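All values reported here derive from a predicted model rather than from experimental measurement.
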Amino acid sequence: MHGVWRLFFDAQFLHAYKHGIVIQCGDGVLRRIYPRIFTYSADYPERVLVATIRDLGGCPCPLCLVKKHVVNQLGTAHDRLNIRTNRRVDDDERQKKVASARRFLYVTGAAVGNNSGEHFLKPQSLVPTENAFSIFDRLEGINFNFFEIFAVDLMHEVELGVWKSLFIHLIRIMHAAGVNIVNDFNQRFRKIGNFGRATIRSFAGTNVTDMKNFAARNFENVLQCIIPCFEGLLPEPHNTNILRLLYIIARWHGLAKLRLHTESTLHLLDLTTTALGREIRHFASQTCLAFETKETPKEYAARTRRKTKRQAMLKTVTGSSKVPSKPDTGRKPREFNTNTFKIHSLGHYVETIQRLGTTDSYSTQIGETCHRDLKRFYATGSKTASFVKEAALAHRRKSNLKEIEQKAGSKGLRRRIQPTRRRRKIRALTSAPADDPLPPNLPHNHHHIGTNKNHWVDLTHFIEENRDDPAVSDTFASELHNHILGRLTGREFDGEEGNFTDNERAGLIIYKNRLYKHAHLRCNYTTYDVRREQDIINPRIPSRSFIMVSAAAGTHPFWYARVLSIFHIEVIHTAFGISDPKRMEVLWVRWMGEDPDHVGNDRKCRLHRVGYVPNTPGQGAFGFLDPAVVIRGSHLIPSFEFGYTEDLLDRSHWWDDEEMGDFTNYYVNPFVDRDMLMRYIGEGVGHRAEGSAASPTSLAEHADSLEKSQLATPQELQQLQTIPTASNRDSTADDIDDQDSESARGSDSEHHCTDSNQSEDSASESEDSEGVDEPEPYGETDDEDDDIEDGGVGENFVY
C-alpha cells in the first residue's frame, strides 16, 4: 500500500504541496492552489495499514497510545487524559525506532519478532514499515503529522460495531430468558411503520432478530425504535437498566451524527460519552452476568456451516474420507466483550469533530454504497470464478449505455421505458386512492394540499352515515363552524375551537355543504442546520399520520395529534366581506395528551409517553386544526407493554385496530432523526425563529438533568456551567421517584391520558400531589446569554 502511495508522492507533487500550483479557475482568475490531505476515512483494518501499526496490538488505537487492557474505560478521567495528552505523533523518535528495527531485520538478518526488533516496535505497537506519509514531515516549513488525518468512522465503529455487538448480545439475553420473548420482540417491531423519506423503513414481514440482509442503515433504524419494543420483556431491574442504556446510546448516536455542532452540543456529546461508558460497563458487569447467554440460532448455524465447509476442504486436500473432528456440543456460551477498540474510539469523537468538522464530512458510508453495483453484477452473473471478468464487462456495458443516453439527451431525445406486466400489476395494487398528484410547491410555503375537487362528501350525509360512531358526535358540524369562525376572527391557537353563538354560526355558509377530501399534506420546515425539509402526512398510514404543534399550555413543549382526515371547504360569510367562496384547509384530528403516570425526560433517561384523550364530555378528544400551525410530522411508537384498550373510545371506525381497539399509550421518539432530537434539546440554530416551544430545554437544564442522574462528574458540570447557553430558563419540576411512577401503573384502563389542552395550573397541581421538588435555577442569566439567544452571538458553529 505504501509503495503505491509513494508513486503518487513524487517530486512534482511534493513541489506543488510546498510551493503550490497556479490554476486558472472557472471565473478566469489565476490562483495558487496548495494540495493538502485533510482526512483519511477508512475502516479499522485499512487504518492500521496506513498508520503502520499492529492490528489489535498492545496499543490498538491509530490516534493515541492507549493500552489494550484499558480500552473499556470509555469516558473515565484516565481515558480522557490519555486521549488529550498521549497522542500518536510522527516525530523523529518514531521514525528512528522504525529505522532501527528495519536494520535488525534487513541488515543483520534477524527474524521477525526477534527481541532486538521488538524492543523498538512493541511499546507503541509499530511495524517495520516506512510510512509513505512521513515524507511530508521532511519538507522544510511543513509540519505534518499523518496520524491526525485519521477520522473516526461512525458507520463501522458504532452502527456496525458497538451497537451491532450490543444488539446481538441483547438477542442472546432474550433467548436465554425464553423463546416467547424473542417472538414478542419481533412481533412488536413488525407493527412499526415507515416514517419520513426513507428515514425509518418498515419492519413488516421481517424478524429483526434474524438480521437478514442488514446494512448499517437497518441497524440505525433498529436503534432508533428499539426502546418501546424492548420495554417489559425482562424482569426488573434488568429491564430498567437496559432501557437506560438504550436511551443513552440512541442519544449519543443522534448527537454524533449532527451535521452542525456548537460548543453546547459538543459538551452535551462529551457528557453523554461519559454516561455511555459508565452504562456499558454496568451492563457488562451486572446485567450480563445474570443470564447464561449462548450463541443465537443464527450464530450457531453459521458456525456449523463453516465447520462443514472446513471439513470438506480437508477431505479434498488429504484425500481421506474420514477427517477427525470434535463432537458438536451445541450452542456455545458467549459473553459481551467490552475490551474492543471500537468502544474506546467513541471517546475520540468530540476531539475529532472539533479538529476535522462534523462526521458527515468524512463518513465511509459514501464509499461503501459503491459496493452495491458489484453486488448487482454478481446477482446477474454466473456466480463462478469468472465473476470478475463478467463484472468488468457488465460495468463497461453500463458505462456505454449511460454515454449513449447522455448524447441522446443532448439532442432532445428521451428514453421511454415500458413497465412490465408484473410492475403494472404492483402499481395498480399499491396506488393511493384517487387524489390529484401534488405538483412541486415553493419551499417558502408552509404546507401544500391538493386542489382537486373530484372527491367530496356531503357534510350532512357524513354525519348521518356515522351517527353511531362516537368519533363523529352531534356537535361535529357546530365545532367545524366554530373552528372556521375562530380563524376568520383571527383567534390565536390554544387548542380550543372557541365558543360562538347560534346566530354567529348561522352567518357562516359552507358552500354546497361539501368537504373536499385529500390524501396527503406536505409540510415544509427548516431543520436545525438551516436546511429545507418536508414531511408528508398521510392519514391512511398510521405511522405517518401523527403531527406535532407548539403547546399553548402545559409543561411539555409540544402537543400531538393524529390526523384522521385532510380536506378543504369553501366558505361564505358576508359579515367578513366574503361574498365569493373562499377556500380554507382543515385537518380533522384526534388529540393526544401526556400520561399522568409517567415522567419522561433526560434525567430519567425515559421517553415521553402520550395517549389518546378519553372521549368524554368536555375533554375535547376530537377537533379541527389549521394546517398552518403544524410544525412537522411526529414519530410515535405504540407502548406495546400496555397493549390495547377500549376504554378511551367506544367501537369506532377510527380505532387503531378494528378488533382490539386503541393502543393505550404511545412513546414520542426524539431519535427518529437529528432535527427531531434538536427540537427537544433546544439547541437547533434553524429552530431559533420558532419561539420558545422549539427550544424546550436549555443547556443548563441538561446539566441539571445529568447531575441528577449521575451522568456527569462535578468537575464536568463546573466546566459546563461556564459555557454560553441558548437560554437560561428554570428547570422543569419533574423529579418524581421511579418507584412512585412505577407503583402508579395499574391496569390498561388506568393508563388514560389527560387532555393536551389542560391549563398549566392543573399540571402544576398534579405535580404538587406527587411531591415534586422544584430545583433551583442552574447558573445566572446575564447580558451575554441574552445576546446569544437573540442572535447566536458567542457560539462557534462546526459544520
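Checked by atom type and distance alone, the side chain of His261 pairs as donor or acceptor with a backbone atom of Leu255 at under 3.5 Å. Of the possible polar contacts, none joining the Asn186 side chain to the Asn207 backbone as a donor-acceptor pair under 3.5 Å is found. At distances below 3.5 Å, not a single donor-acceptor pair connects side-chain atoms of Ser361 with backbone N or O atoms of Gly357. At least one donor-acceptor pair closer than 3.5 Å links the side chain of Asn601 to the backbone N or O of Arg603. Not one N or O on the side chain of Asn445 forms a donor-acceptor pair closer than 3.5 Å with the backbone of His447. Under a 3.5 Å cut-off, the side chain of Trp559 and the backbone N or O of Gly495 do not form any donor-acceptor pair. Of the possible polar contacts, one joining the Ser345 side chain to the Lys342 backbone as a donor-acceptor pair under 3.5 Å is found. Thr206 places no side-chain N or O within 3.5 Å of a backbone atom of Val208 that could act as its donor or acceptor partner. The backbone N or O of Asn194 lies less than 3.5 Å from a partner atom in the side chain of Ser543, making a donor-acceptor pair. A donor-acceptor contact shorter than 3.5 Å links the side chain of Ser165 to the backbone of Gly161.
Nearest heavy atom pair, residue Arg188 against residue Pro228, reads NH1-O, 3.7 Å. Shortest non-hydrogen contact noted between Ser545 and Asn538 is CB-O, 3.6 Å. Scanning all heavy atoms of the two residues, the minimum distance from Arg544 to Phe195 falls at NH2-C, 4.3 Å. The shortest heavy-atom contact between His635 and Cys225 is CE1-SG, 3.9 Å. What you find for Ala552 and Phe493 is that their closest heavy atoms are CB-O, 3.9 Å. Heavy atoms only, all atoms of each residue included: Asn221 and Thr199 are closest at OD1-O, 3.0 Å.
Counting heavy-atom neighbours within 6.0 Å of Lys582 NZ, excluding the residue itself, gives a total of 12 or less. Annotation: Asn213, atom CG; neighbour count of heavy atoms from other residues, nucleotides and ligands within 6.0 Å does not exceed 12.
Phe558 and Tyr680 have their aromatic ring centers within a separation under 6.0 angstrom. The aromatic ring centroids of Phe546 and Tyr560 lie 6.0 Å or more from each other.
Salt bridge Arg487/Asp626: present, at least one basic N to carboxylate O contact under 4.0 Å. Between Arg217 and Glu159 no salt bridge is recorded (no basic side-chain N to carboxylate O distance below 4.0 Å). In summary, Asp675 and Arg531 do not engage in a salt bridge, as defined by a charged side-chain N under 4.0 Å from a carboxylate O. Salt bridge annotation for Glu570-Lys453: present, with a cationic side-chain nitrogen under 4.0 angstrom from a carboxylate oxygen. For Arg251 and Asp602, the salt-bridge test passes: some basic side-chain N is under 4.0 Å from an acidic carboxylate O. A salt bridge links Asp673 with Arg632: the distance from a Lys NZ or Arg NE/NH1/NH2 to an Asp or Glu carboxylate oxygen falls below 4.0 Å. Between Arg609 and Glu594, no side-chain nitrogen of the basic residue sits less than 4.0 Å from a carboxylate oxygen of the acidic one, so the salt-bridge criterion is not met.
For the pair Leu346/Trp252, a side-chain contact is recorded, criterion being any heavy-atom separation below 4.5 Å from C-beta on. Within the 4.5 Å cutoff, the side chain of Glu533 has no heavy atoms near those of the Asn524 side chain. The side-chain heavy atoms of Ile566 and His520, taken from C-beta on, include no pair separated by under 4.5 Å. By the 4.5 Å heavy-atom criterion applied to side chains, Pro670 and Leu607 are counted as neighbours. For the pair Glu368 and His156, the minimum side-chain heavy-atom distance is below 4.5 Å. Taking 4.5 Å as the limit, some side-chain heavy atom of Leu246 sits within range of a side-chain heavy atom of Leu170. A 4.5 Å side-chain heavy-atom check between Val629 and His446 finds every atom pair outside the cut-off.
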Checklist entry - Given Arg562 and Asp656, is the salt bridge (charged side-chain N to carboxylate O under 4.0 Å, His left out) satisfied, shown in steps? => result CA-CA 11 Å; Arg562 180 177 179 180; Asp656 288 340; 2.6 Å; yes
Checklist entry - Going through the checks in order, is the side chain to side chain contact (heavy atoms under 4.5 Å, CB included) test met by Val222 and Phe189? => result CA-CA 9 Å; Val222 171; Phe189 256 106; 3.9 Å; yes
Next on the checklist: Working note: Glu220 + Arg674, criterion salt bridge (charged side-chain N to carboxylate O under 4.0 Å, His left out); need CA distance, chi angles, decisive distance, verdict.
Outcome noted: CA-CA 12 Å; Glu220 180 183 14; Arg674 260 56 69 189; 3.3 Å; yes
Item to check | Verdict with supporting geometry, Trp588 and Trp654, ring pair (Phe, Tyr, Trp, His ring centres under 6.0 Å) | outcome: CA-CA 12 Å; Trp588 182 36; Trp654 285 274; 5.0 Å; yes
Next on the checklist: Under the criterion ring pair (Phe, Tyr, Trp, His ring centres under 6.0 Å), I'd like the reasoning laid out for Trp456 against Phe567: C-alpha separation, chi angles, the key distance, then a yes or no.
Outcome noted: CA-CA 9 Å; Trp456 55 269; Phe567 58 87; over 10 Å; no
Next on the checklist: Pair Gln534, Arg197 - check side chain to side chain contact (heavy atoms under 4.5 Å, CB included), show working.
Outcome noted: CA-CA 9 Å; Gln534 184 182 88; Arg197 299 189 176 187; 2.6 Å; yes
Checklist entry - Between Tyr667 and Ile227, does a side chain to side chain contact (heavy atoms under 4.5 Å, CB included) hold up when you go through it step by step? => result CA-CA 9 Å; Tyr667 281 108; Ile227 295 179; over 6 Å; no
Next on the checklist: One pair to check against salt bridge (charged side-chain N to carboxylate O under 4.0 Å, His left out): Asp360 and Arg259. What are the steps and the verdict?
Outcome noted: CA-CA 6 Å; Asp360 63 305; Arg259 294 192 300 257; 5.2 Å; no
Checklist entry - Please walk me through it: do Asp494 and Arg491 pass side chain to side chain contact (heavy atoms under 4.5 Å, CB included)? => result CA-CA 9 Å; Asp494 60 357; Arg491 186 174 181 272; 3.0 Å; yes
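For the atom pair Lys164 NZ and Asn218 CG, the distance stands at 11.0 Å (nearest 0.5 Å). Within the model, atoms OH of Tyr528 and OG1 of Thr265 stand 9.0 Å from one another, a figure rounded to the nearest 0.5 Å. Note that the OG1 atom of Thr358 and the CD1 atom of Ile353 stand 7.5 Å from one another [nearest 0.5 Å]. Here OG of Ser264 is found 10.5 Å from CD1 of Ile681. Values are rounded to the nearest 0.5 Å.
Below 30°, between 30° and 60°, or above 60°: for His568 and His518 the angle between ring planes is below 30°, a parallel geometry. Ring geometry, Phe663 versus Tyr666: the interplanar angle exceeds 60°, so the pair is classed perpendicular (tilted spans 30 to 60°). Between His483 and Phe624, the ring planes lie tilted relative to each other; the angle falls in the 30° to 60° range.
Taking the ring axis of Tyr612 as reference, the NZ or CZ atom of Arg590 stays within 45° of it and closer than 6.0 Å to the ring centre.
Side-chain N/O atoms of Tyr349 and Glu157 include a donor and acceptor closer than 3.5 Å. Gln224 and His253 share no side-chain donor-acceptor pair at under 3.5 Å.
For the pairing with Thr364, the side chain to side chain contact (heavy atoms under 4.5 Å, CB included) check across Leu154, Asp43, Asp153 returns one residue only, Asp153.
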